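Remember, predicted model here, so these are calculated numbers, not experimental data.
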Amino acid sequence: MGQSSSAEQVSPEQREAESIAASTGALPNLQKAFSVLSDPQTHSIPIHSLQKCFGFSIDGSTNEESVVPKEFPVLMSNLSSSIVDLFFLSEKGGISWVEFLKGYIKCSGRTVSSASLNSLLRLFGMISVKAGLPEKLQVVSDEDDCKISGFLLPADVQMLLSMCWIMWCDSIKLKASSSLGDSGLPDVTHLVLSAVDSCADADKKLDLWENSILDMDIQLPVAKIIMWALKTLPSLSDCFGKFVHARLFYLAAHEEKLDQVDHFSHDISAKEMSVGHLLNSGRAWAISLTLRGTLSEEISKVCFPSAAEEVDDYLLYRSSLHGKGLNRFWSNIEGYNAPLLILISAHEANNDARRWIIGALIHQGLENHDTFYGTSGGLYSISPVFHVFTPSGKEKNFVYSHLHGTVKYEAHPKPVGLAFGGSFGNERIFVDEDFAKVIVRHHACDKTYHHGPLYPDQGFLPVEASIMDVEVLGLGGKRARDIQSSYKKREELFTEQRRKVDLKTFGNWEDSPEKMMMDMVSDPNRVRREDR
């Protein structure tokens, strides 16, 4: 089981490796996995067995409509062997218990994000060389915190992101209790353009509205790519660690299914999954990589077909389905007291061809307030280029949502609409009452969210754009939706009760003040005798 029979036989190196693995809670399952993979005679894991553990098949073929280059299937066929060669040192044709632990720690252990990204890039570099592609990455040192030099082309970034998607999907499928369908490879063009926009030389004028930029020979320095990933996609490096962790843990839980581990296949020709009109699997995955914890997991669920069968658990409002306007919007999201993802598709009035999608994530439900409120959130530029703008910490004007007030006359009425960031009259994003127009302002007016353009070529002046569609997704899970349903039923009951008039609550008409007033109006000079 990977343990020595006597405490005196445990080396300091083994004791340290076991201690690190135990601190993550993985040691018992690693012992089971080692027992399944190892040869009883040599007490070590044959290299081909560990390669088989990390292997899978790529179904489908690339064509002109594929979202990845034609070299991608060949690239992925070298993934399992590269993982073993790079992170699991073998001795005399086998991998010992200590080296097995150390390899797991290198892949899935707790470490800083920059070190994990370096490991991911080293893996991609080795896979590329084995696939016969030109070597673009060079390892400066072989230490654990090794540094990498070189560059990547936009097509390389596309294959790197697609490789991370497959590893991420694989870990989700192994972790899920029920079988999940194959969602295919998503379109990650918005992420590639984000890397190009952030990493290309400043003197190069790029048209980010043209997807042909993926075919251009633009060298992106690997140091800038690492900085871009840490800022934009902080969870990207976790895809590799989760993949290794999920495969070994699956093997420990299903000891008799060693021959079935490499039967997990990924169809790269499958159609990309789409939950809403604006949110497809590629965009949902990108947003999930900017987050950690429960929110990331909730957004991740919309990337698979099984989750799409429960669209009602996520999609709260879509303007093309429920109708435009703040009142329609409010009737669908009221009572949902959980995080919300709001997506807006629009285009400038004089340029219908250049449509863009922006979004806002708020960590609580919306309320009818005449002031800004909120505890946390984030703004997103989603299409054609992906960027995330996290809170700056200077102000807390996260969200503003105001319907018509109950007071009939106000000397200085507050604007009716939906807004994010900025201040009154200078909101960074403001959606009008009819959901017909959205005003986007330069980030200089906003101290709540970090700076950056919400769409390519955004200028300094405010831009009024025509809204094409608005979508709202609830990220509180089934429990939040059940609470909202209970709230709506209670409100409907109160409304129905207000409509009913109980005549028993009124007194006799002959004795009522209303009857006396009516009689006086009809004949005010009539002499009346007071009843005594």
Side-chain angles (χ1 to χ4, degrees), residues 51 54 68-69 71-72 74-90 99 102-168 188 191-202 204 214 216-245 286 289-290 386:
Q51 290 179 352
F54 297 131
V68 290
E71 298 86 0
F72 185 71
V74 180
L75 193 85
M76 294 304 299
S77 64
N78 294 284
L79 176 62
S80 59
S81 61
S82 299
I83 293 176
V84 176
D85 295 344
L86 192 59
F87 300 103
F88 294 88
L89 300 178
S90 60
E99 295 301 335
K102 292 170 67 176
Y104 171 82
I105 294 170
K106 291 178 183 177
C107 298
S108 306
R110 296 172 180 171
T111 183
V112 294
S113 298
S114 58
S116 299
L117 279 172
N118 280 330
S119 298
L120 179 63
L121 290 170
R122 286 178 64 194
L123 176 64
F124 181 76
M126 177 176 284
I127 294 174
S128 300
V129 172
K130 287 188 175 184
L133 300 178
E135 184 177 4
K136 304 183 184 73
L137 301 177
Q138 297 82 35
V139 179
V140 177
S141 63
D142 292 330
E143 302 295 332
D144 291 340
D145 56 346
C146 68
K147 295 182 179 181
I148 300 178
S149 63
F151 66 91
L152 292 177
L153 300 177
D156 297 324
V157 176
Q158 188 181 32
M159 290 193 291
L160 173 64
L161 292 170
S162 298
M163 181 186 76
C164 291
W165 162 268
I166 288 181
M167 292 191 294
W168 177 82
V188 294
L191 292 176
V192 179
L193 292 177
S194 175
V196 172
D197 185 32
S198 302
C199 305
D201 294 336
K204 290 187 177 181
L214 299 176
M216 297 178 63
D217 187 16
I218 303 175
Q219 295 186 3
L220 308 176
V222 68
K224 289 186 176 181
I225 291 177
I226 292 176
M227 294 302 297
W228 164 77
L230 290 174
K231 178 183 177 181
T232 308
L233 306 173
S235 299
L236 181 65
S237 59
D238 296 342
C239 298
F240 171 53
K242 289 180 178 179
F243 168 75
V244 174
H245 175 87
L289 292 180
T290 67
F386 184 87

Checklist entry - What closest approach, in Å, do E99 and F88 show between heavy atoms, and which atom pair accounts for it? => result O-CD2, 4.0 Å
Item to check | Heavy-atom pair of closest approach, residues P154 and V192 | outcome: O-CG1, 3.6 Å
Next on the checklist: I want to check something: taking the side chain as every heavy atom from C-beta on, are L133 and M159 in contact at a cut-off of under 4.5 Å?
Outcome noted: yes
Checklist entry - Checking side-chain contact (heavy atoms from CB on, under 4.5 Å) against S82, which of K130, Q51, R122 comes through? => result K130
Next on the checklist: If I compare all heavy atoms of I127 with all of L75, which pair ends up nearest, and what's the gap?
Outcome noted: CG2-O, 2.8 Å
Checklist entry - NZ/K224 to CG/D201 distance, rounded to the nearest 0.5 angstrom? => result 5.0 Å
Item to check | Closest non-hydrogen atom pair between N78 and V74, with its separation | outcome: ND2-O, 2.9 Å
Checklist entry - Do L120 and M163 have side-chain heavy atoms sitting under 4.5 Å apart? => result yes
Checklist entry - Say you draw a straight line from CE of M227 to SG of C199; how long is it, rounded to the nearest 0.5 Å? => result 10.0 Å
Checklist entry - Got F243 and I83 here, is their nearest side-chain heavy-atom distance under 4.5 Å? => result yes
Checklist entry - Is there side-chain contact between T290 and F386, with heavy atoms separated by less than 4.5 Å? => result yes
Item to check | Pairwise distance OG(S198) to CD1(I225) - rounded to 0.5 angstrom | outcome: 10.5 Å
Checklist entry - Would a distance-only check, ignoring hydrogens and angles, find a side-chain to backbone donor-acceptor pair under 3.5 Å from D197 to S194? => result no
Checklist outcome for this item: Distance col, row L153:CG vs I218:CD1, nearest 0.5 angstrom, shows 9.0 Å
Next on the checklist: For I226 versus N118, what's the shortest heavy-atom pair and its separation?
Outcome noted: CD1-OD1, 3.3 Å
Next on the checklist: So L137 and V129, do their side chains get closer than 4.5 Å, heavy atoms only?
Outcome noted: no
Next on the checklist: Could you measure the distance from the OG atom of S113 to the CG atom of L230? Nearest 0.5 Å is fine.
Outcome noted: 6.0 Å
Checklist outcome for this item: Sorted by chain and residue number, the ring pair (Phe, Tyr, Trp, His ring centres under 6.0 Å) partners of F240 (sequence neighbours excluded) come out as F87
Next on the checklist: Which residue is it: C239, S237, S235? I am looking for the one with a side-chain contact (heavy atoms from CB on, under 4.5 Å) to S116.
Outcome noted: S237
Checklist entry - Nearest 0.5 Å, what's the CE-CD1 distance between M76 and I166? => result 4.5 Å
